[in-house]
K.L.:
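The structure is given below, and queries will be raised subsequently.
Note that ligands are numbered from 1 as they come in the structure, with each ligand's atoms numbered from 1 the same way. FYI, side chains are in, hydrogens and waters are out, and symmetry mates aren't considered; it's all heavy atoms of this structure.
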Amino acid sequence: MYSEKVMDHFSNPRNVGEIENASGTGTVGNAKCGDIMRMYLDIDNDTRVIKDCKFKTFGCGAAVATSSMATELVKGKTVEEALKVTNKAVMEALDGLPPVKVHCSLLAEEAIHAALWDYAEKNGIVIEGLEKPVNDIGEKEEEIEEVY
Ligand code: FES
């Protein structure tokens, strides 16, 4: 049911933890399943490169695996490049997710966006293409179910 990569990231999640004095943090939940994710970003102010990224997920295995992969994918990228790390990109990097678990991958994408939004607000900057994140991704699930 799950790919080897999903099982690997679920069993050995990368970048679990917190970053003290993070440049940006974002917390997103899904009221439907009750899962919550918090993402921490350490961003270089001059280059806007994400130097470090950590997460904490109180959620299902697919949420853990997608957060783990998402942190690996955004590390070393600029904030603008990080916006391209969509839930679809994360799923592709994990060799797919079962259809019923696709919505779990939204948590990671939205939590990164929330952390970037926090960073932008703290620094009074605008990140082009970044939309205001939602606190509950349950609202976005219906859209995604139509897409996949
Ligand atoms: Fe809630 Fe997977 S079931 S994130």
K.L.:
With side chain to side chain contact (heavy atoms under 4.5 Å, CB included) as the test, pick out the partner of R14 among M69, E72, K54.
P.N.:
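By the side chain to side chain contact (heavy atoms under 4.5 Å, CB included) criterion, R14 pairs with just one of M69, E72, K54: E72.
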
K.L.:
With rounding to the nearest 0.5 angstrom, report the CD to OG distance, E92 to S105.
P.N.:
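E92 atom CD to S105 atom OG measures 11.0 Å (nearest 0.5 Å).
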
K.L.:
Determine whether P13 and F55 make a side-chain contact, defined as any pair of heavy atoms from C-beta on separated by less than 4.5 Å.
P.N.:
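A side-chain contact under 4.5 Å exists here.
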
K.L.:
To the nearest 0.1 Å, how far is atom 4 (S) of ligand 1 from its closest protein heavy atom, and which atom is that?
P.N.:
D35 OD2, 3.0 Å

K.L.:
Which of the numbered atoms in ligand 1 are under 4.0 angstrom from any heavy atom belonging to C104?
P.N.:
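Checking each atom against C104, I get 2 (Fe), 3 (S), 4 (S).
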
K.L.:
Taking 4.0 angstrom as the limit and counting only heavy atoms of K101, give me the atoms of ligand 1 inside it, by number and element.
P.N.:
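With K101 as reference, the close atoms of ligand 1 come out as 2 (Fe), 3 (S).
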
K.L.:
Just verifying a value: how many Å separate T71 OG1 and H9 NE2, rounded to the nearest 0.5 Å?
P.N.:
8.0 Å

K.L.:
Find out whether T25 and L41 are in side-chain contact, i.e. whether some heavy atom of one side chain is under 4.5 Å from a heavy atom of the other.
P.N.:
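No, too far: nothing below the 4.5 Å cut-off.
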
K.L.:
Heavy-atom contacts under 4.0 Å between H103 and ligand 1: side chain, backbone, both, or neither?
P.N.:
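Side chain only; the backbone of H103 stays clear of ligand 1.
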
K.L.:
Strictly under 2.8 Å, is atom 1 (Fe) of ligand 1 approached by any N, O or S atom of C60?
P.N.:
no

K.L.:
Which ligand 1 atoms, with their elements, are less than 4.0 angstrom from a heavy-atom of C33?
P.N.:
1 (Fe), 3 (S), 4 (S)

